[in-house]
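The analysis underlying the following values was restricted to heavy atoms, covering all of them including side chains, and did not include hydrogens, waters or symmetry mates.
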Amino acid sequence: MLSDKTLISDIKAIISKSRDDAIRAVDHQRTLMYWHIGKRIFEQEQQGKDRADYGKYLTGYIARELEPEYGSGFSRRQVELFRQFYRVFPIANALRSQLSWTQYRLLMRLDAEEQREFYIAETIKNNWTSRQLERQVFSNLYERLLLSNDKESVLAVAKREKMPSDAKEIIKDPMVLEFLGLKRESAYYEKDLEGAIITHLQEFLLELGNGFSFVARQKRIHIEGDEFFVDLVFYNRLLQSFVIIEIKTHKLTHQDIGQLQMYVNYYDRIEKLPHEHPTIGILLCASKNDAVVKFTLPEEQKQIVASQYELYLPTEKQLLDEVNKELDSYVSKGGVE
């Protein structure tokens, strides 16, 4: 009788990996095929550049010739996408095999090259599915990180050109929690929000960002006979530090900040190992006053972060308004922090 119990599981893992690799390879070849078709269309289009409507005529003609033989994958809309694909990503060697055609279609909607670079790097680094990438794009992940960061830092962390040294480099404000399914107009308690986060922990980890892992819920701590409960405890391997999250469904107060500071101090003095970095505290709140946060905490402190949560996806205008508000604040201070 065979004593090695891992034989079958190992073989199954090999089969699964080989299938996944084969699917990825086929999809990449399909992506390259679409790129080459787009390049050929673009070259042909340039020959008739004196005719304003030549591009529309060309894609319509190609679709009529190909669709009957090759199916709806070569409809006029698809052929137009092939042309756009080449124009947005003009270098074949730069196409990444880790990205699917579905993901490239999504990336083509983005106007800025920096945005595309960011989402490509994050997709590869985190092995995002098409659905996960779509959610991050539609929740304006890039723009939200820019609210507390500069563009170069965001891109450098995404592309692993630098490790994050500050919690604000990876923690978003606001956090978008539309996946919890909680309605804006309904009344709920902090335990409801906490329970929904645990139920949707995988999605919450995706929203938190890179390097987070779940440690505990309602972590009990004892301080000189008094008992306290920390809402959520995570660990971030990039920052090499514990991350404590306190949930507040009301507008943030200085008492809330003081409570979280006590938890952070406890973890720093009792739980943290010598090689680990200082504990990070996140106040996840319904509303906040940045001035209250600023004047409650010591200057230059980097351990406590207040992040407002949203229960629905922000519109592009809302994010743009926030970015402009940050820029106005920066300019009013003379361009220095």
Any side-chain heavy atom of Y263 sitting closer than 4.5 Å to one from E246?
-> yes
Who passes side chain to side chain donor-acceptor pair (under 3.5 Å) against H222, sequence neighbours left out?
-> none
Would you check if E207 and F179 make a side-chain contact, meaning some heavy-atom pair closer than 4.5 Å?
-> yes
Who are the side chain to side chain donor-acceptor pair (under 3.5 Å) partners of Q115, not counting sequence neighbours?
-> E143
Step through the shown structure and confirm whether more than 12 heavy atoms of other residues, nucleotides or ligands are within 6.0 Å of CG on L273.
-> yes
Distance-only polar pair, side chains of S139 and R144, donor-acceptor under 3.5 Å = yes
Does the side chain of Q132 come within less than 4.5 Å of E203's, by heavy atoms?
-> no
Roughly how far, to the nearest 0.5 Å, is the CD1 atom of I197 from the CD1 atom of I245?
-> 7.0 Å
W35 side chain vs F89 backbone, donor-acceptor pair below 3.5 Å | yes
Would you say E67 and S72 make side-chain contact, with heavy atoms under 4.5 Å?
-> yes
Does any pair with a residue in residues 91-113 pass salt bridge (charged side-chain N to carboxylate O under 4.0 Å, His left out), and if so which ones, sequence neighbours excluded?
-> none
Is Q44 close to L58 at the side-chain level, that is, under 4.5 Å between some pair of heavy atoms?
-> yes
How about F74 and I37: do any of their side-chain heavy atoms sit closer than 4.5 Å?
-> yes
Minimum heavy-atom distance V233-K219, with the two atoms named | CG2-CB, 3.9 Å
Give a yes or no on whether H36 atom NE2 has more than 12 heavy-atom contacts from other residues, nucleotides or ligands under 6.0 Å away.
-> yes
Taking atom CD1 of I124 and atom CD1 of I120, what is their separation to the nearest 0.5 Å?
-> 7.0 Å
CA sep, side-chain torsions, deciding dist, call: L205, Q202, side chain to side chain contact (heavy atoms under 4.5 Å, CB included) | CA-CA 5 Å; L205 287 171; Q202 184 176 356; 5.7 Å; no
Minimum heavy-atom distance between S307 and M175, given as atom pair plus value = OG-CG, 3.4 Å
Interatomic distance, E117 atom CD to L107 atom CG [nearest 0.5 angstrom] | 11.5 Å
Around atom OH of Y61, are there more than 12 heavy atoms of other residues, nucleotides or ligands at under 6.0 Å?
-> no
Which distance, rounded to the nearest 0.5 Å, do you find between the OG1 of T279 and the CZ of R269?
-> 10.5 Å
With no hydrogens and no angle check, do the side chains of Q98 and N127 hold a donor and an acceptor under 3.5 Å apart?
-> no
Of all heavy-atom pairs linking T59 and K56, the shortest is OG1-O, 3.1 Å
Side-chain touch V137/E134, heavy atoms, less than 4.5 angstrom | no
Derivation and outcome, side chain to side chain contact (heavy atoms under 4.5 Å, CB included), residues Y235 and Q240 = CA-CA 7 Å; Y235 191 84; Q240 291 191 339; 4.0 Å; yes
Parallel, tilted or perpendicular: which fits the ring planes of F234 and F204, with parallel below 30° and perpendicular above 60°?
-> tilted
Could you pull out all residues at least two apart from K272 that satisfy side chain to side chain donor-acceptor pair (under 3.5 Å)?
-> none
Do L284 and F229 belong to the same hydrophobic cluster, where Ile, Leu, Val, Met, Phe, Trp and Tyr are linked whenever their side-chain heavy atoms lie under 4.5 Å apart, directly or via other members?
-> no
Return the minimal non-hydrogen interatomic distance between Q303 and P278, and the atom names on each side.
-> NE2-CB, 3.5 Å
ILVMFWY network linking L260 to I270, side-chain heavy atoms under 4.5 angstrom = yes
Which distance, rounded to the nearest 0.5 Å, do you find between the CG of L180 and the CG of D192?
-> 11.0 Å
Does a side chain donor of either Q218 or E194 reach within less than 3.5 Å of an acceptor in the other side chain?
-> yes
Just do the side chain to side chain contact (heavy atoms under 4.5 Å, CB included) check on K248 and K288 with the steps written out, would you?
-> CA-CA 10 Å; K248 304 298 175 185; K288 66 185 175 78; over 6 Å; no
Throw together a table of side-chain donor-acceptor distances under 3.5 angstrom for residues 23-32, partners on residues two or more places apart or in other chains.
{"from": "R24", "atom 1": "NH1", "to": "D21", "atom 2": "OD1", "distance (Å)": "3.3"}
{"from": "D27", "atom 1": "OD1", "to": "R30", "atom 2": "NH2", "distance (Å)": "2.8"}
{"from": "D27", "atom 1": "OD2", "to": "W101", "atom 2": "N", "distance (Å)": "3.0"}
{"from": "T31", "atom 1": "OG1", "to": "D27", "atom 2": "O", "distance (Å)": "2.9"}

For the student: nearest non-hydrogen atoms of Q136 and L206, plus distance | NE2-O, 3.3 Å
Do any N or O atoms from the side chain of D256 and from the backbone of T253 form a donor-acceptor pair under 3.5 angstrom?
-> yes
Taking C-beta and beyond as the side chain, do F242 and N236 meet within less than 4.5 Å on heavy atoms?
-> no
For the pair H277 (side chain) and S241 (backbone), establish whether a donor and an acceptor sit closer than 3.5 Å, ignoring hydrogens and angles.
-> no
Nearest heavy atoms of L106 and S130, plus distance in Å | CD2-O, 4.5 Å
Separation between CD1 of I41 and CD1 of I62, rounded to the nearest 0.5 Å = 4.0 Å
If we ignore angles and hydrogens, is there a donor and acceptor under 3.5 Å between the side chains of Q308 and K251?
-> no
Heavy-atom donor-acceptor pair, Y34 side chain to R83 backbone, under 3.5 Å | no
Answer with yes or no whether the hydrophobic clustering places I15 together with L7; edges join I, L, V, M, F, W, Y residues whose side-chain heavy atoms lie under 4.5 Å apart.
-> yes
Evaluate the criterion side chain to side chain contact (heavy atoms under 4.5 Å, CB included) for residue pair I14 and S18; output intermediate values, then yes/no.
-> CA-CA 6 Å; I14 292 169; S18 297; 4.2 Å; yes
Where at least one partner belongs to residues 118-129, residue pairs that pass salt bridge (charged side-chain N to carboxylate O under 4.0 Å, His left out), sequence neighbours excluded = E122-K125
